[in-house]
> 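This is the structure, below, for whatever I ask next.
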Amino acid sequence: MSKTAALNPSCQLVVIGAGPAGLAAATTAAKLGVDTVLLDEQPAPGGQIYRAITETPVTKRSILGMDYWHGAELVTAFRSSGARHVPGTTVWSVTREGEIGFSVGGAARLIEAERIILATGAQERPFPIPGWTLPGVMTAGAAQILLKASGMVAEGRVVLAGTGPLLWLLAAQYLRAGGRIVTVLDTTPPANRRAALPYLPNFLGSDYLGAGIALLREVKARVPVIGDVRSLRLLGENRVREVVYQSGTAPERRIGADLVLLHQGVVPNLNLANAIGCRQEWHEDQLCFVPVIDAWGTSSIERVAIAGDGAGIAGARIAAERGRLAALEAAHRLGRIDAYRRDAEAVAPRRAITRFDKGRRFIDLMYRPRAEHRVPQGDTLACRCEEITAQQIVEAVKLGSTGPNQMKSLLRCGMGPCQGRLCGLTITELIASARGVSPADVGYFRLRPPIKPITLAELASLPKSEAAVQAVVRG
Amino acid sequence: MFRRLPEPAVAPVSITIDGMPVEAREGDSVAAALLAAGHARCRSSSVSDAPRGPYCMMGVCFDCLVEIDGAANRQACMVRVAPGMRVATQDGRRELRA
Ligand code: FES
C-alpha cells in the first residue's frame, strides 16, 4: 500500500486535504502545468465523504449509494494529473510566508509553497448533551467511516438521534447493509419548517430534492421515527445503556440502547485557516464560523485560498467545483494562464455551483439544530478533553471572562489534546448565550501552531539542510 | 456492538489488545479493530478517570487515545493496524499535553 514520493523542499502549489475540493483543485492545477503537491492525513484519497473510495470492502454499490461512488471519478482524474500525493501526512503548521510543517511516517518535514489551497473539509457539529462522553456514544459520521473503511455495521440496540441529511443517509445505508435500527429520534425543531418555507420554491429545483425524499421514505418505511425530540440525555455507567428524551410536550420516555449515534449537521474545519490568521465571520444560518473569501476562494491572506466545505458547508459537488476555481486562480497568479483563460474555464464550475446550490438555504434553515442541544447546561461537559462543564463556563463569564481565549487561560478548556477542535463552537455559543450577545461578538479560540500534537522525535528528525529535505518520503 | 459485512474476504491482520490476540482486517484503523472486538471503551479520562471511547473516528475528538507498540496517546482512529501490533487501553492521567 505504501507509496513513495520524492519531495522537493519547495513547489508552486500545496493543496491540503484529499476530499472532493482538494482532489479537484490538485487535478486542475497540475493539468495546467502547476507544480502541485497534495498533502493528506488519510492513507488513501477521498476525504471523509468519499472515505476509502479506492479500497472500501463494501463492494455492493447500492449500500453506500451513487453519491458516494461519484468520488471514484475524482480520484481517477487526480491520479493521471501529474500532481504528487503524499498520504498519511499530518500538517501541524502553515505560515503566511508559505512554509508548511508536516509529519509523515514519523518524521517531520518542511515544504515551501508559493500558493496554498486549504481543503480541510468539515467535521460534525458537537452534540453536548448529558452522557455524550460515554463509550457507545458516537457520531453518525463515525459510524459511516466504520462502514466505508471497514465494512462494519452497528448491531444490538442501535438508536440514531439528531437532525440533518447525514443522519438519514446513514440510516438508509445501514438498512441496505442489513442493519437494524431501534428508532430514529428526530430532534429537528418543528418551527424550522416555518423559517425554511420561503426558500422551498428554490429547493424544488434542486438535484437533492428527489434523492432526499426517497431517503426519508426508505427509512421511515422500516424504522419508527419519533419527531420533535428534545431534552435528550444518555445514561450508563461504563457505557451507554439508556436514552431519555421528550417528544413535544409528551412526558419523558426512556429506551434501552447499546449504541447511540448522534448527528446535528457539519461545520467547517477551520483549524489551519484559523492558525494562519485567515479572517472568519459568523454564519447565522449555519450557526458556525466561516472564512472570509473572494469569488476564487482566496482568503484574507493573499497566498492562501480555501475551498470545499472548509469554506462554508455546501456539499461534495460544490466542494469539487470550488476546488477547481481556487486552482484556476492559483494557476493564473503563478503565471500559467492569463485572466481570460481563467475566466473562460471558470464558467462551467460556476454554473455547476449555481445548480447544486439550489435549496441550500432551505436545508440550512430546515436542519438548524436546537439551541438546547448546542448550548449545554449545568454539569454537562462542554470541553471533553479537560472535562469542563457548562456551569464552569457560565460562572467564568460572570467573573468577567468574556471570550474563548480568556476561558482557555482560566479553565484550560481548549487546551487539551484536541486544542478546541471539538469544543470550540460550544464554548463560543455558551459564552454568547451567557452574555446575551451574538457568537459573532464572542469570536473563536485563537489557535497557534503546532495545531496537531507533534512528538519530540518527529521534531528532532526535521532536516537541517535542503538536501536532507529531498529525502524520499514514505506515505 | 458492530459486526462486519460478510461481503468480500479482506485479509486478516493479527494484533493484540491488552495482551489478548485479536484478528483485525487490513485497512482497519486501530479504533475500528477495538470496536470490532467489542471494546467501546479504550481509555479513562485524565481528570475524572471516566470511561471514554472513540467518538468521531476522524481525528477531531482525541477520545480514542491508546498505547500502540509502547507509545502512549496515539489516536487510534488515525493509525492503521499492522501485523503484530500491540494495542493497550490507557488509564487516567497519562494524558498528552500539547
Ligand atoms: S475517535 Fe475522535 S479522534 Fe479518534
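Within every chain, numbering begins at 1; the chains are lettered A, B, ... in the order of the sequence lines, protein sequences first and strands thereafter. Below, each value reflects all heavy atoms present in this structure, side chains not excepted, and no hydrogens, waters or symmetry copies.
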> Show every ring pair (Phe, Tyr, Trp, His ring centres under 6.0 Å) that has at least one partner inside residues 128-157 of chain A, sequence neighbours left out.
A/Trp132-B/Tyr55
> Which is it for B/Arg80 and A/Glu55 under the salt bridge (charged side-chain N to carboxylate O under 4.0 Å, His left out) test, yes or no, and what are the steps along the way?
CA-CA 14 Å; B/Arg80 282 204 175 183; A/Glu55 52 178 14; 2.3 Å; yes
> Would you say B/Leu65 and A/Pro417 make side-chain contact, with heavy atoms under 4.5 Å?
yes
> Go through B/Ala50, B/Ala24, B/Ala33, B/Ser48 and name the one with the most non-hydrogen pairs under 4.5 angstrom from chain A.
B/Ser48
> Relative to chain B, which segment of A/Leu147 carries a heavy atom at a distance below 4.5 Å: side chain, backbone, both, or neither?
side chain
> Return the option, out of A/Thr133, A/Thr90, A/Leu422, with the maximum number of heavy-atom pairs under 4.5 Å with chain B.
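Counting heavy-atom pairs under 4.5 Å, the top option is A/Thr133.
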> Only pairs of heavy atoms separated by less than 4.5 Å count here; which of A/Gln123, A/Glu41, A/Met152, A/Gln42 has the most with chain B?
A/Met152
> Taking all non-hydrogen atoms of both residues, which atom of A/Cys385 and which atom of B/Cys61 are closest, and how far apart?
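Between these two residues, the closest heavy atoms are SG-O, 4.0 Å.
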> At a heavy-atom separation under 4.5 Å, does B/Asp63 approach chain A through its side chain, its backbone, both, or neither?
side chain
> Considering only heavy atoms and a distance below 4.5 Å, find which of A/Gly178, A/Ala154, A/Ala177 pairs most often with chain B.
A/Ala154
> Quick one: pull up CE in B/Met1 and CG in A/Asp258 and give me the separation to the nearest 0.5 Å.
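Taking CE in B/Met1 and CG in A/Asp258, the distance rounds to 9.0 Å.
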> For A/Ile451, is it the side chain, the backbone, both or neither that has a heavy atom under 4.5 Å from a heavy atom of chain B?
neither
> Determine whether A/Ile63 and B/Leu5 satisfy the following criterion, side-chain contact (heavy atoms from CB on, under 4.5 Å), listing intermediate values before the conclusion.
CA-CA 11 Å; A/Ile63 292 179; B/Leu5 292 180; 4.2 Å; yes
> Please classify the contact of A/Arg51 with chain B as side chain, backbone, both or neither, using a heavy-atom distance under 4.5 Å.
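Interface part for A/Arg51: side chain.
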> Non-hydrogen atoms of chain B under 4.5 Å away: do they reach the side chain of A/Phe127, the backbone, both or neither?
both
> Looking at chain B, which one of A/Ala149, A/Ala143, A/Ser150, A/Gly156 has the largest number of heavy-atom pairs inside 4.5 Å, strictly under?
A/Ser150
> From B/Ser45 OG over to A/Arg384 CZ, what is the distance, rounded to the nearest 0.5 angstrom?
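Between atom OG of B/Ser45 and atom CZ of A/Arg384 there are 10.5 Å.
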> Determine whether B/Phe2 and A/Val153 make a side-chain contact, defined as any pair of heavy atoms from C-beta on separated by less than 4.5 Å.
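Side-chain contact under 4.5 Å: no.
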> Please find the pair of heavy atoms, one from A/Glu386 and one from B/Val47, that lie closest to each other, and give the distance.
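Scanning both residues completely, I find the closest heavy atoms to be O-CG2, 3.7 Å.
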> Taking the side chain as C-beta and beyond, is there a heavy-atom pair between B/Leu35 and A/Met138 under 4.5 Å?
yes
> Are the side chains of A/Gln48 and B/Met57 in touch, meaning some heavy atoms are under 4.5 Å apart?
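They are not in contact (no side-chain heavy atoms under 4.5 Å apart), so the answer is no.
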> Determine the minimum heavy-atom distance between B/Cys56 and A/Ala142, stating which atoms define it.
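In this case the closest contact between B/Cys56 and A/Ala142 is O-CB, 3.4 Å.
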> Do you know the tightest heavy-atom contact between B/Arg3 and A/Gly179?
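Taking every non-hydrogen atom into account, NH2-N, 3.8 Å.
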> Find the one option among B/Pro54, B/Gly27, B/Gly53, B/Cys77 whose heavy-atom pairs under 4.5 Å with chain A are most numerous.
B/Pro54
> The criterion is side-chain hydrogen bond (donor to acceptor under 3.5 Å, both in side chains); which residues satisfy it with A/Gln264, sequence neighbours excluded?
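By the side-chain hydrogen bond (donor to acceptor under 3.5 Å, both in side chains) rule, A/Gln264 matches no residue at all.
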> Heavy atoms only, distances under 4.5 angstrom: which of B/Arg41, B/Met58, B/Met78, B/His39 has the most pairs with chain A? Name it, please.
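Ranked by contacts with chain A, first place is B/Met58.
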